[in-house]
Amino acid sequence: MPSKKSQCKPTAAELSIMGVIWELGPCTVRQVFKYLSESQDIGYTTVLKLMQIMTDKGLLERDTSVRPQVFKASRPQQQTQRQLLRELLDRAFDGSPGNLVLQALSIRKCSPQERREIRELLDQLEQKDA
């Protein structure tokens, strides 16, 4: 049975912090704060507290052997996204990936590159079913 920590879902604010860490790699609180403060009104102590909470929840890992402490994501971005998507799929779309994709594509346009990737994935899935 997975531990409670490994099942924690990040909040929107926590996801924005994780996004910074996934993009930049392991970071200090100050680095995350500096990055986030360029696009939103957020305080240093807010970022610090959120990152402490995220460490307690198992979303981040902290390297205490260096000063200032460095934080990294405990799981890769793709793994976290898949977990969140599975939960959304089950709760909002009755487990239907087709309905989820149709709704997603109806509300936002995707780039030509994304469309090619979707087609390639669909082709792969069809080959497996054949």
Side-chain angles (χ1 to χ4, degrees):
M1 177 109 184
S3 72
K4 185 72 174 159
K5 275 188 174 185
S6 70
Q7 295 177 343
C8 286
K9 291 183 281 189
T11 65
E14 291 168 346
L15 274 174
S16 68
I17 289 171
M18 291 178 78
V20 173
I21 293 172
W22 285 324
E23 185 173 331
L24 301 179
C27 294
T28 65
V29 174
R30 184 151 312 280
Q31 289 169 314
V32 173
F33 164 71
K34 186 174 180 181
Y35 190 96
L36 289 176
S37 65
E38 292 175 3
S39 61
Q40 57 185 282
D41 186 24
I42 192 164
Y44 176 84
T45 55
T46 301
V47 174
L48 172 63
K49 186 64 179 169
L50 281 169
M51 289 177 73
Q52 289 170 337
I53 291 168
M54 292 169 71
T55 301
D56 292 343
K57 288 171 77 173
L59 298 170
L60 295 179
E61 295 174 1
R62 174 178 27 214
D63 182 354
T64 58
S65 68
V66 296
R67 291 284 182 217
Q69 294 177 357
V70 174
F71 294 79
K72 69 176 186 175
S74 61
R75 293 183 305 202
Q77 182 176 12
Q78 188 176 34
Q79 184 179 351
T80 300
Q81 288 172 334
R82 284 185 175 180
Q83 175 196 354
L84 293 170
L85 191 55
R86 262 192 295 279
E87 292 168 6
L88 177 64
L89 184 64
D90 290 340
R91 282 190 346 214
F93 296 93
D94 228 12
S96 170
N99 286 339
L100 180 140
V101 170
L102 290 171
Q103 289 298 321
L105 292 175
S106 72
I107 61 171
R108 292 249 171 92
K109 289 187 177 188
C110 57
S111 71
Q113 173 64 31
E114 290 169 325
R115 284 194 299 275
R116 277 192 295 280
E117 291 173 7
I118 291 168
R119 281 189 189 100
E120 287 173 13
L121 179 60
L122 289 172
D123 290 344
Q124 290 171 10
L125 292 172
E126 285 178 0
Q127 287 175 355
K128 283 182 184 178
D129 288 343

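Here the structure is a predicted model, which is why all the values come from computation and not from measurement. In this chain, residues are counted from 1 in sequence order. For the numbers below, each heavy atom of this structure counts, side chains included, while hydrogens, waters and symmetry mates do not.
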Note to self: Please report the interatomic distance OG1(T55) to NZ(K57), rounded to the nearest 0.5 Å.
What the structure shows: 11.0 Å

Item checked: Nearest atoms (heavy-atom pairs only) where V32 meets C27 -> CG2-CB, 3.7 Å

Note to self: What's the separation between atom CZ in R30 and atom CD in Q69, rounded to the nearest 0.5 Å?
What the structure shows: 13.5 Å

Margin query: Just verifying a value: how many Å separate L105 CG and L100 CG, rounded to the nearest 0.5 Å?
Written below: 9.0 Å

Note to self: Ignoring hydrogens, what is the shortest heavy-atom contact between A73 and L60? Give both atom names and the distance.
What the structure shows: CA-CD2, 3.9 Å

Next item on the list: Check P26 against K72 and note the closest heavy-atom contact, atom names and distance.
Entry: CG-CB, 4.1 Å

Next item on the list: Please answer: with hydrophobic residues joined when any side-chain heavy atoms are less than 4.5 Å apart, are L15 and L85 in the same cluster?
Entry: no

Checklist line | Distance-minimising heavy-atom pair for S74 and G58 | finding: OG-O, 2.5 Å

Check: Among the clusters formed by ILVMFWY side chains lying less than 4.5 Å apart, do L84 and F93 turn up in the same one?
Finding: no

Note to self: Assess the residue pair E14 and I53 against the criterion (side-chain contact (heavy atoms from CB on, under 4.5 Å)); give the C-alpha distance rounded to whole Å, side-chain angles, the decisive distance to 0.1 Å, and a yes or no.
What the structure shows: CA-CA 9 Å; E14 291 168 346; I53 291 168; 3.9 Å; yes

Checklist line | Any residue meeting side-chain contact (heavy atoms from CB on, under 4.5 Å) with S65, in chain and number order, not counting sequence neighbours | finding: D63

Distance-only check: which donor-acceptor pairs under 3.5 Å involve side-chain atoms of residues 36-46, not counting sequence neighbours?
{"from": "S37", "atom 1": "OG", "to": "F33", "atom 2": "O", "distance (Å)": "3.0"}
{"from": "S37", "atom 1": "OG", "to": "K34", "atom 2": "O", "distance (Å)": "3.0"}
{"from": "S39", "atom 1": "OG", "to": "L36", "atom 2": "O", "distance (Å)": "3.4"}

Per-pair distances, 0.1 Å, donor-acceptor, side chain in residues 115-128, under 3.5 Å, sequence neighbours excluded:
{"from": "R115", "atom 1": "NH1", "to": "C110", "atom 2": "O", "distance (Å)": "2.7"}
{"from": "R116", "atom 1": "NH2", "to": "Q113", "atom 2": "OE1", "distance (Å)": "3.0"}
{"from": "E117", "atom 1": "OE2", "to": "Q113", "atom 2": "NE2", "distance (Å)": "2.8"}

Item checked: Shared hydrophobic cluster, V70 / M18 (ILVMFWY, side-chain heavy atoms < 4.5 Å) -> no

Check: If we only count heavy atoms from C-beta on, is the Q83 to K9 side-chain gap below 4.5 Å?
Finding: yes

Check: At what distance, to the nearest 0.5 angstrom, does OG1 of T28 lie from CE of M51?
Finding: 7.5 Å

Next item on the list: For residues P10 and T80, report the shortest heavy-atom separation together with the two atoms involved.
Entry: CG-CG2, 4.3 Å

Margin query: If I take atom CZ from residue F71 and atom CE from residue M54, how far apart are they, to the nearest 0.5 angstrom?
Written below: 9.5 Å

Margin query: Are I21 and L48 linked, directly or through intermediate hydrophobic residues, by side-chain heavy-atom contacts shorter than 4.5 Å (ILVMFWY only)?
Written below: yes

Check: How many angstroms lie between CD in Q81 and CZ in R75, if you round to the nearest 0.5 Å?
Finding: 11.5 Å

Next item on the list: Begin from the C-alpha positions of L59 and I17 and carry the test side-chain contact (heavy atoms from CB on, under 4.5 Å) through to its verdict.
Entry: CA-CA 10 Å; L59 298 170; I17 289 171; over 6 Å; no

